[in-house]
Amino acid sequence: MELLETFVQIVKYKQISRAAESLFITQAAAGNRLRKLESQLGVKLINRIKGQSTISTTPYGDRLLVIAKQLISLSHDVQTLKENAEYSKIKIASTTNVIEAALSFIIPQVMKDDPLLRFTIKGSSTFGVYESITNNSADIGFSFTNAPRYGLSTRQIGNQSLTLITSQQNEIPDQIDIDSLSPSNEVYIPYNEQYDQWHMICWGNQIDPYIRLDSCSSFSHYLNHGKAWAIIPKSLAQQYINHKFPIKEVRLIEPIPKLPIIAIDNLANPYKKKLDDIILRFRSFLV
């Protein structure tokens, strides 16, 4: 097939040198491939005119060009079909917070262990996650909210710890209590209804937060404010700290509730075993 591909590129660029560049081979190698193809077919495919850098095709070359393009296209289709047959393609629907807190760390390791896995991960609201499983547009879903539905399997596979963080330049001490934290400086991220209730008990709703975000994916952009603070998944905080990002954890004296991680799927899913493997990896990550 490489002989035909080289021939097609030579015709496309009308120069052996440019065709060779497009194929990342030497001009001599491209010329040898062309001569080998002509020898195998027993016909002349290219008109070479001394003193001219461009070439033209012979009538045989014109006819071969049509066939060559068809064969190359069929070869690519066959290869694609083969690759698609080998891969297990798993579609995941997840709330953005779960993606940031856990999936972004777990899935690369799962793929490393099983190179034939391919994932599509769609960030969504909790409602969207459950809808995706209900209408079979996703194989498995993850959320911090358990909202059982008929026909779906929902199970708590672990808990996500949260931690209080702030900028390293912030004057907040390494240990603090709820009363010493002003909600007007908070980068607030709602995780689920239970978390919101705890937050309401701690700080009420009379004072607006410094900023309210839909997810924890962009919290770091807002910590430059003098006394800004946020409560984010501990795994995400540790990742930022490991990468020398200028944030620090602060111990909140009052305990922060953990977030339940809920896995949602259909019992009859053909990827059931692979999904169970992902959940097992999830459990290990959360230990």
Side-chain angles (χ1 to χ4, degrees), residues 92-109 121-129 142-145 158-262 282 285-287:
I92 297 176
S94 175
T95 56
T96 305
N97 285 323
V98 177
I99 293 174
E100 292 293 328
L103 282 178
S104 59
F105 308 118
I106 294 169
I107 295 303
Q109 288 300 315
I121 302 177
K122 178 183 178 182
S124 182
S125 65
T126 294
F127 176 81
V129 171
F142 296 101
S143 172
F144 287 138
T145 299
N159 293 294
Q160 175 66 61
S161 297
L162 296 171
T163 188
L164 175 67
I165 57 100
T166 187
S167 168
Q168 289 180 354
Q169 284 72 46
N170 200 319
E171 297 176 357
I172 292 178
D174 293 338
Q175 179 173 296
I176 198 169
D177 60 24
I178 284 173
D179 293 336
S180 301
L181 284 170
S182 171
S184 65
N185 294 320
E186 182 182 13
V187 179
Y188 177 65
I189 305 153
Y191 293 105
N192 62 16
E193 185 176 343
Q194 290 72 29
Y195 176 81
D196 285 347
Q197 290 174 355
W198 171 82
H199 192 277
M200 171 77 75
I201 292 171
C202 294
W203 291 286
N205 63 356
Q206 304 303 311
I207 301 175
D208 288 333
Y210 173 57
I211 191 164
R212 184 186 300 267
L213 302 176
D214 286 338
S215 76
C216 58
S217 59
S218 59
F219 78 91
S220 61
H221 299 294
Y222 305 99
L223 290 184
N224 291 329
H225 168 62
K227 296 183 179 181
W229 57 275
I231 295 175
I232 67 169
K234 192 173 183 65
S235 57
L236 184 60
Q238 194 58 55
Q239 185 75 0
Y240 273 78
I241 292 171
N242 290 344
H243 285 82
K244 309 300 182 184
F245 199 85
I247 67 170
K248 65 178 180 179
E249 287 190 77
V250 176
R251 181 177 176 273
L252 187 61
I253 294 175
E254 295 81 1
I256 304 173
K258 294 183 178 181
L259 302 173
I261 294 192
I262 309 300
F282 225 128
F285 175 79
L286 294 170
V287 170

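Residues take their numbers from the sequence shown, with the count starting at 1. Both backbone and side-chain heavy atoms feed into the values below; hydrogens, waters and symmetry mates do not.
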Can you find a heavy atom in the side chain of Y222 that is under 4.5 Å from one in the side chain of S218?
yes
Counting distance only, does the side-chain N/O of T145 pair as donor-acceptor with the main-chain N or O of T126 below 3.5 Å?
no
So, taking the atom named OG1 in T96 and the one named CD1 in I189, what distance separates them when rounded to the nearest 0.5 Å?
11.5 Å
Please tell me if the side chains of S94 and K122 come closer than 4.5 Å, counting only heavy atoms from C-beta onward.
no
Does C216 offer a backbone N or O that forms a donor-acceptor pair with the side chain of N97 under 3.5 Å?
yes
T95 side chain near S125 side chain, heavy-atom distance below 4.5 Å:
no
Note: Y195 and L259 closest approach over all heavy atoms is CB-CD2, 4.1 Å
Taking the side chain as every heavy atom from C-beta outward, state whether N159 and I261 have any atom pair closer than 4.5 Å.
no
For S167 against K248, the heavy-atom pair lying closest together
O-CE, 3.8 Å
OH (Y240) and CD1 (I247) are apart, to the nearest 0.5 Å, by 7.5 Å
Show the nearest heavy-atom pair for residues L252 and I178, with the distance to one decimal.
CD1-N, 3.9 Å
Ignoring hydrogens, what is the shortest heavy-atom contact between L103 and P108? Give both atom names and the distance.
O-CD, 3.9 Å
Return yes if some donor-acceptor pair links the side-chain N/O of S180 with the main-chain N/O of I176 below 3.5 Å, else return no.
no
Does any part of the side chain of W229, heavy atoms only, come nearer than 4.5 Å to the side chain of V187, both counted from C-beta?
no
Do K234 and L162 make a side-chain contact, defined as non-hydrogen atoms from C-beta onward lying under 4.5 Å apart?
no
Taking atom CG of D214 as the centre, report whether more than 12 heavy atoms of other residues, nucleotides or ligands fall under 6.0 Å from it.
no
Decide whether T163 and E249 meet the rule of one side-chain donor and one side-chain acceptor closer than 3.5 Å.
yes
After noting the C-alpha distance and the side-chain angles of S220 and F245, does the key distance pass the side-chain contact (heavy atoms from CB on, under 4.5 Å) rule?
CA-CA 9 Å; S220 61; F245 199 85; 3.5 Å; yes
Would you indicate whether the side-chain heavy atoms of V129 and F142 approach each other to under 4.5 Å?
no
How far apart are the C-alpha atoms of I165 and V250, what are their side-chain angles, what is the distance that settles it, and do they pass the side-chain contact (heavy atoms from CB on, under 4.5 Å) test?
CA-CA 6 Å; I165 57 100; V250 176; over 6 Å; no
To the nearest 0.5 Å, tell me how far K227 NZ sits from S182 OG.
8.5 Å
Between Y191 and D196, what is the shortest heavy-atom contact and its length?
N-OD1, 4.3 Å
Indicate, with yes or no, if the rings of F285 and F105 have centres closer together than 6.0 Å.
yes
Using only atom types and a distance under 3.5 Å, with no angle test, would you say the side chain of Q175 pairs donor to acceptor with the backbone of R251?
no
Here's a test for you: under side-chain hydrogen bond (donor to acceptor under 3.5 Å, both in side chains), which of Q238, K244, Q239 qualifies with N242?
Q238
For the CD atom of Q168 and the CD1 atom of I241, what is their distance to the nearest 0.5 Å?
8.0 Å
Here the gap from H199 atom NE2 to Y188 atom OH, rounded to the nearest 0.5 Å, amounts to 5.0 Å
Taking the side chain as C-beta and beyond, is there a heavy-atom pair between L223 and N170 under 4.5 Å?
no
Hey, does the side chain of T166 reach the backbone of A228 with a donor-acceptor pair shorter than 3.5 angstrom?
yes
Please round to the nearest 0.5 Å and tell me the distance separating atom CD1 of I92 and atom OG of S124.
13.5 Å
